[in-house]
Amino acid sequence: MSHVFPRHTKSDLPTAVGGDGCYLIDANGKRYFDGSGGAAVSCLGHSDAAVIKAVQEQVEKLAFAHTGFMTSEPAEALADLLISKAPGTLDRVYFVSGGSEATEAAIKLARQYHLERGEPQRRHLIARRQSYHGNTLGALAAGGNAWRRQQFDPLLIGVSHIAPCYEYVDRSDGESSFDYGQRVANELEAEILRLGPDTVMAFMAEPVVGATLGAVPAVEGYFKRIREICDTYGVLLILDEVMCGMGRTGHLFACDADGVAPDILCIAKGLGAGYQPIGAMLCTSAIYDAIAQGTGFFQHGHTYLGHPVATAAGLAVVNQMLERDLVSRVAEKGTQLQAALMERFAQHPNVGDIRGRGLFRGLELVQDRDSKAPFDPAHGLAARIKRAALEAGLICYPMSGTRDGRMGDHILLAPPFILSETQIEEICDKLAIAIEEGLASI
């Protein structure tokens with residue numbers, strides 16, 4: 001009998017005992033192609049020698065030093081490297097242990113920034129419906145997925161939620177992609193004016209929405225309009241790249257594809273590639289200077305901030321991406337993956353949309369392609385496909401609640417950057433089996 005508290009008490013999961021490139025291996029020797037990188041984490045696969053060596057060497061040299069007393073060499077080096085590649089005027093890096101910690105820190109920093117500047121009335125945060133920003137209470141409040149929020153709602157701070165940029169479902173007939181993007185972006189301005197222009201502290205969004213929508217990028221011009229609105233009203237722009245950042249979309253930072261730079265940016269997952277738990281919040285020099293020239297103390301913190309072994313792993317991961325030009329490879333392989341998915345599933349009667357950027361792709365499942373009507377959630381389609389995929393030897397990321405937290409199903413793919421053309425075909429073959437098994441007898 002296990003004493004581990006699992007994610008789901010009624011699940012019976014295989015035990016992972018090894019990793020080999022793009023594959024995980026269970027206790028029975030079965031190999032699973034990791035087509036989602038876990039949750040878009042394992043971007044370098046499961047046996048990268050350079051990263052393993054960096055972790056081993058750092059543990060031998062220095063395992064831990066609390067940032068209340070000392071900094072460390074790998075933390076300093078990783079911060080320097082990230083800032084050298086970061087967009088806009090991002091200038092400082094606050095290392096944490098994961099994505100929820102990064103977004104939580106971003107929300108608190110946004111509030112303190114305005115306090116330090118003498119604007120204590122700025123307290124409102126605006127985000128988007130069907131977004132996901134993490135599972136700590138502040139991050140969960142920012143997230144706009146009704147199912148994840150429901151039972152914890154009484155504990156959550158009030159956050160306003162506007163429409164996502166979800167062209168497949170929400171663009172009107174006869175409306176251009178650009179006009180649609182401007183329309184939904186302008187909801188931000190309307191909400192700022194409703195709340196009071198001098199009371200809003202920040203707007204938070206994912207450049208490509210991952211877990212809750214299934215790799216949905218914004219249409220051209222959307223984020224440029226969002227940036228304009230934030231600048232007009234003195235609202236900070238927080239971009240959550242926890243899932244879509246660090247090369248995943250074919251850009252080291254996902255927002256580069258949209259031609260905008262945020263005031264605060266959150267990364268995690270691909271930063272450590274699964275070799276160590278690590279995340280980071282990056283902020284501009286203006287935000288940092290407001291703290292430094294004010295109280296001098298960001299009133300926040302966790303024990304494992306800037307952990308030397310975690311930052312050593314992150315440094316090795318980012319160096320591998322840059323030295324091997326893996327970000328360009330993601331763009332190339334992403335195009336091949338999209339083409340393969342289109343060839344295999346574009347005419348499938350229950351695949352309504354195939355979307356994404358780079359090696360971050362989503363398939364939305366529908367009961368009817370013409371009306372785009374989703375399946376009844378009582379079927380549990382996403383869970384059925386997940387089980388069938390595991391049986392077929394594929395790890396993918398099916399989720400339900402795509403449309404509103406309850407209705408809709410999608411499959412998220414986020415394979416390692418090192419996958420081959422042959423393995424793209426393997427994904428498609430095994431995914432086809434899983435979809436058919438999942439749909440059987442519905």
Side-chain angles (χ1 to χ4, degrees), residues 5 7-8 39 94 96-115 119-166 184 187-188 190-196 198-207 209-214 216 226 230 233 235-244 262-269 279 281 283 298-302 377 399-408:
F5 197 140
R7 285 175 175 256
H8 198 302
Y94 189 89
V96 292
S97 297
S100 296
E101 285 188 19
T103 54
E104 194 88 10
I107 294 167
K108 293 174 84 171
L109 181 61
R111 170 62 178 164
Q112 186 171 339
Y113 166 75
H114 292 297
L115 286 175
E119 294 190 272
Q121 77 280 6
R122 288 194 182 265
R123 64 191 184 280
H124 292 299
L125 175 65
I126 302 172
R128 302 189 295 184
R129 295 189 296 276
Q130 283 306 91
S131 56
Y132 179 67
H133 299 297
N135 256 333
T136 53
L137 289 176
L140 189 61
N145 182 266
W147 176 79
R148 285 172 169 81
R149 293 170 53 94
Q150 185 175 7
Q151 65 179 330
F152 302 108
D153 235 20
L155 308 179
L156 304 180
I157 61 171
V159 174
S160 297
H161 292 94
I162 63 172
C165 191
Y166 184 17
V184 290
E187 286 194 22
L188 174 60
E191 185 63 10
I192 290 171
L193 293 173
R194 187 189 73 83
L195 293 169
D198 66 341
T199 69
V200 179
M201 65 180 189
F203 173 67
M204 177 180 281
E206 300 161 88
V209 184
T212 49
L213 274 185
V216 174
I226 290 290
C230 289
Y233 296 100
V235 172
L236 297 179
L237 176 58
I238 303 171
L239 292 183
D240 174 358
E241 297 196 5
V242 167
M243 186 172 260
C244 64
D263 302 294
I264 301 174
L265 185 142
C266 301
I267 53 176
K269 297 186 185 294
M281 175 193 71
C283 73
F298 178 32
Q299 196 170 326
H300 182 59
H302 297 283
M399 284 295 299
S400 57
T402 310
R403 299 289 175 88
D404 58 6
R406 179 176 175 270
M407 300 291 292

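Just the heavy atoms: all of them, side chains too, but no hydrogens, waters or symmetry mates, feed the values below.
Taking the side chain as every heavy atom from C-beta outward, Gln130 and Val209 never approach each other to under 4.5 Å. Here the side chains of Leu195 and Ser160 are in contact, with some heavy-atom distance below 4.5 Å. No side-chain heavy atom of Tyr94 sits less than 4.5 Å from a side-chain heavy atom of Leu109. Between His133 and Glu206 the shortest side-chain heavy-atom distance falls below 4.5 Å. The side-chain heavy atoms of Met281 and Ile264, taken from C-beta on, include a pair separated by under 4.5 Å.
By the side-chain hydrogen bond (donor to acceptor under 3.5 Å, both in side chains) test, His300 is found to be paired with Lys108, residues two or more places apart in sequence or in another chain being considered. Partners of Asn135 according to the side-chain hydrogen bond (donor to acceptor under 3.5 Å, both in side chains) rule, which considers only residues two or more places apart in sequence or in another chain, are Tyr132. The side-chain hydrogen bond (donor to acceptor under 3.5 Å, both in side chains) search around Arg194 returns Glu191, not counting sequence neighbours. Applying the side chain to side chain contact (heavy atoms under 4.5 Å, CB included) criterion to Arg111, with sequence neighbours excluded, gives Leu115, Arg123, Met201. Considering only residues two or more places apart in sequence or on other chains, Ala146 meets the side chain to side chain contact (heavy atoms under 4.5 Å, CB included) condition with none of them. Looking at residues two or more places apart in sequence or on another chain, you find a side chain to side chain contact (heavy atoms under 4.5 Å, CB included) between Ala102 and Val96, Cys266. Listed by chain and residue number, His114, Arg117, Gln121, Arg122 satisfy the side chain to side chain contact (heavy atoms under 4.5 Å, CB included) test with Glu119 (two or more places apart in sequence, or in another chain). Among residues two or more places apart in sequence or in another chain, the side-chain hydrogen bond (donor to acceptor under 3.5 Å, both in side chains) test is passed with Ser100 by none.
Annotation for Ala142 and Ser131: closest pair O-OG, 3.8 Å, computed over non-hydrogen atoms. Across every non-hydrogen atom of Pro164 and Leu213, the tightest pair is CB-CD1, 4.1 Å. Residues Pro377 and Met407 come closest through the heavy atom pair CD-SD, 3.3 Å. Scanning all heavy atoms of the two residues, the minimum distance from Ala202 to Leu125 falls at O-CD1, 3.4 Å. The two residues Arg403 and Gly408 make their nearest non-hydrogen contact at CG-CA, 4.2 Å.
Among residue pairs with one or both ends in residues 140-163, those qualifying as salt bridge (Lys or Arg N to Asp or Glu O under 4.0 Å) are Arg149-Asp153; sequence neighbours excluded.
At distances below 3.5 Å, at least one donor-acceptor pair connects side-chain atoms of Gln112 with backbone N or O atoms of Gln299. Between the side chain of Glu187 and the main chain of Ala163, a donor-acceptor pair closer than 3.5 Å is present.
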Begin from the C-alpha positions of Ile126 and Val235 and carry the test side chain to side chain contact (heavy atoms under 4.5 Å, CB included) through to its verdict.
CA-CA 10 Å; Ile126 302 172; Val235 172; over 6 Å; no
Stepwise side chain to side chain contact (heavy atoms under 4.5 Å, CB included) test for Asp263 and Tyr113:
CA-CA 11 Å; Asp263 302 294; Tyr113 166 75; over 6 Å; no
Please lay out, stage by stage, how Tyr233 and Val200 fare under the test side chain to side chain contact (heavy atoms under 4.5 Å, CB included).
CA-CA 8 Å; Tyr233 296 100; Val200 179; over 6 Å; no
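Rounding to the nearest 0.5 Å places CD1 of Ile157 at 10.0 Å from CG of Leu140. The structure places CG of Asn145 at 9.5 Å from OG1 of Thr402, a figure rounded to the nearest 0.5 Å. The distance from atom CE of Met204 to atom NE2 of His161, rounded to the nearest 0.5 Å, is 10.0 Å. Taken from OG1 in Thr103 to CD1 in Ile267, the straight-line distance is 13.0 Å, to the nearest 0.5 Å. A distance of 10.0 Å separates CD1 in Ile238 from CZ in Phe203, rounded to the nearest 0.5 Å. For the atom pair OG1 (Thr199) and NE2 (His124), the distance works out to 4.0 Å, reported to the nearest 0.5 Å.
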